[in-house]
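Each remark here refers to the structure printed beneath this line.
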Amino acid sequence: MSVWEALVELDRAQPRLGEQLTCALREAIVAGRLTPGTRLPSTRDLAADLGLSRGLVVSAYEQLIAEGRLVGRRGSGTQVAPGAAAAPGDGVVAAAPAPSVAPLRPGVPDLGMFPRAAWRRSYERALATAHDADLDYGDPAGSPVLRRELAAYLGRVRAARLDAAALVVTTGAAQAFTLLAAVLRAAGTGRVAVEDPGPAAIRDLLTTHGLRPVPVPVDADGLDVAALPRARARAVLVTPAHQFPTGVVLAPARRAALVDWARRTGGLIVEDDYDAEFRYDREPVGCLQGLAPDVVALVGSVSKALAPGMRLGWLAPPTSLWEATAAAKFAADHGGPAVDQLAFAELLAGGWYDRHLRRARRVYRQRRDAVVAALRAHLPEARISGVAAGLHLVVELPAGVDDSALAARARAAGLGPLALSAQRQRGGRPGLVLGYAAHSPHELTAAVRLLGRLVRGEVARGDVVRGDVHEVAAGG
Ligand SMILES: Cc1ncc(COP(=O)(O)O)c(C=O)c1O
């Protein structure tokens, strides 16, 4: 896929492709993804890249030149105009220069790929078709329309076994964990087993909500289920599809053993399915909930698939916990935003969510390949793992490296890796967790080159990444 295909999202099933192209380019300029001075391809090249007639591209450029967002100069082609983001247009509000995601920060998708056009269409349809009554306080468990679409999606894509009535729509996985914490506490459960290493942020959230996370080791097959009884916990939180941070998949025998533990002890498995949509080298592994809906609470969100700022997620608890979970959601906020939920239902029903994921998977796979190649070249001593899926990987560093100090130096230089030790409760090899979804192969390569220099202590004080990693990395 070309850069321009990734930047310009067109819905070929809809009419007015020329208008769609104009809107997509305008939005990219306003949002700062196309910055002043950026040279656009020739109309002939862009038309060929996008499979459009040249006339449509010429009209789009002319319209944006008329709006003052592009300038066309004989000899130097068409460029984004100075101050183009703030040009008086057709009601598009100019954004302030956006703070950018630090290269290599894990846990964030490419926010520039958010399917704005599809979301706008879904939102408009939701508003146009919602009944007045849909705008009242609704079912605190979420819009029935969205729950129906989500149940179908999770059944089809994640092999979940649930029906719409079993779902609670949440404001992200974080809220799903807080609801479960309330339910577990009320049932007298204080200890929850967690993976070690595991996501520190989620561990902190559980602690804040009154639970005590007890570490259980993770190895190449995922959570060491044989060690689980020692945690003396009635619930366990796992990331089976792509363990955070190691990236391992919970092995089939471990899945069976975990379900067996839950059924024998009356325990609850909380399945955090957080980036399961992204699997590059083979088909996605189905969720654990599909194997054992009686003992698994499935948690997911759109934070990695679309954007964390959507604050949209879901929770499918076992039937025995449904009433208590729905009551906890009511107590938390009386229900989520109605129109957002209807718009998300439209996005799912129209096939846009699937389409976006297919596109994102292709782009992220290229980025994963680029970051792995750059690590082999610039950090050959690092052991790389967790590359088959997700939006991040782990590099283990030689024993004795202080990964927290290294991550702090990297942050000071404008990069965003996490220290592996910060995700651990007990000791282990040092390393870094590196995200790769949010940047181009070129930026990733430059960021890894800079990281290599940081590891070797070659970066001088004051070397920081300003906007473009490449400048600093290449300049030193
Ligand atoms: C392991 C893990 N699970 C889930 C999430 C998603 O949380 P939310 O849906 O609240 O954004 C994150 C966010 O970074 C995460 O690291």
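What's counted below: heavy atoms across the whole structure, side chains too, no hydrogens, waters or symmetry copies. In listed order, ligands and their atoms are each counted from 1. Just so we're clear, the structure is a prediction, and the values are computed from it rather than from any experiment.
- Of all the listed residues (Ala307, Ala173, Gly107), Ala173 holds the heavy atom that lies closest to atom 6 (C) of ligand 1.
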Q: Please step through salt bridge (charged side-chain N to carboxylate O under 4.0 Å, His left out) for the pair Arg263 and Asp294, ending with a clear verdict.
A: CA-CA 9 Å; Arg263 288 190 177 143; Asp294 53 322; 2.9 Å; yes
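- Between Arg424 and Asp403 no salt bridge is recorded (no basic side-chain N to carboxylate O distance below 4.0 Å).
- Classification of Asp281 and Arg365 as a salt-bridged pair holds, one side-chain N sitting under 4.0 Å from a carboxylate O.
- For atom 13 (C) of ligand 1, the nearest non-hydrogen atom of the protein is Lys304 NZ, 3.1 Å.
- Given atom 1 (C) of ligand 1, the protein heavy atom at minimum distance is Asp272 OD2, 3.4 Å.
- Taking each of Arg311, Gln175, Arg203, His392 in turn, the one with a heavy atom nearest to atom 10 (O) of ligand 1 proves to be Arg311.
- Aromatic ring orientation, Tyr353 versus Phe344: perpendicular (interplanar angle above 60°, classes split at 30° and 60°).
- The nearest protein atom to atom 11 (O) of ligand 1, hydrogens excluded, is given as Ser303 OG, 2.6 Å; this is a heavy-atom distance.
- Environment of CZ in Arg230: sparse, with no more than 12 heavy atoms of neighbouring residues, nucleotides or ligands closer than 6.0 Å.
- Ranking the protein heavy atoms by distance from atom 5 (C) of ligand 1 puts Tyr274 CB, 4.2 Å first.
- Those atoms of ligand 1 that come under 4.0 Å of a heavy atom in Pro199, given as number and element, are 1 (C).
- Near Gly172, meaning under 4.0 Å from one of its heavy atoms, ligand 1 places the atoms 9 (O), 10 (O).
- With salt bridges taken as basic N to acidic carboxylate O contacts below 4.0 Å, one links Glu27 and Arg120.
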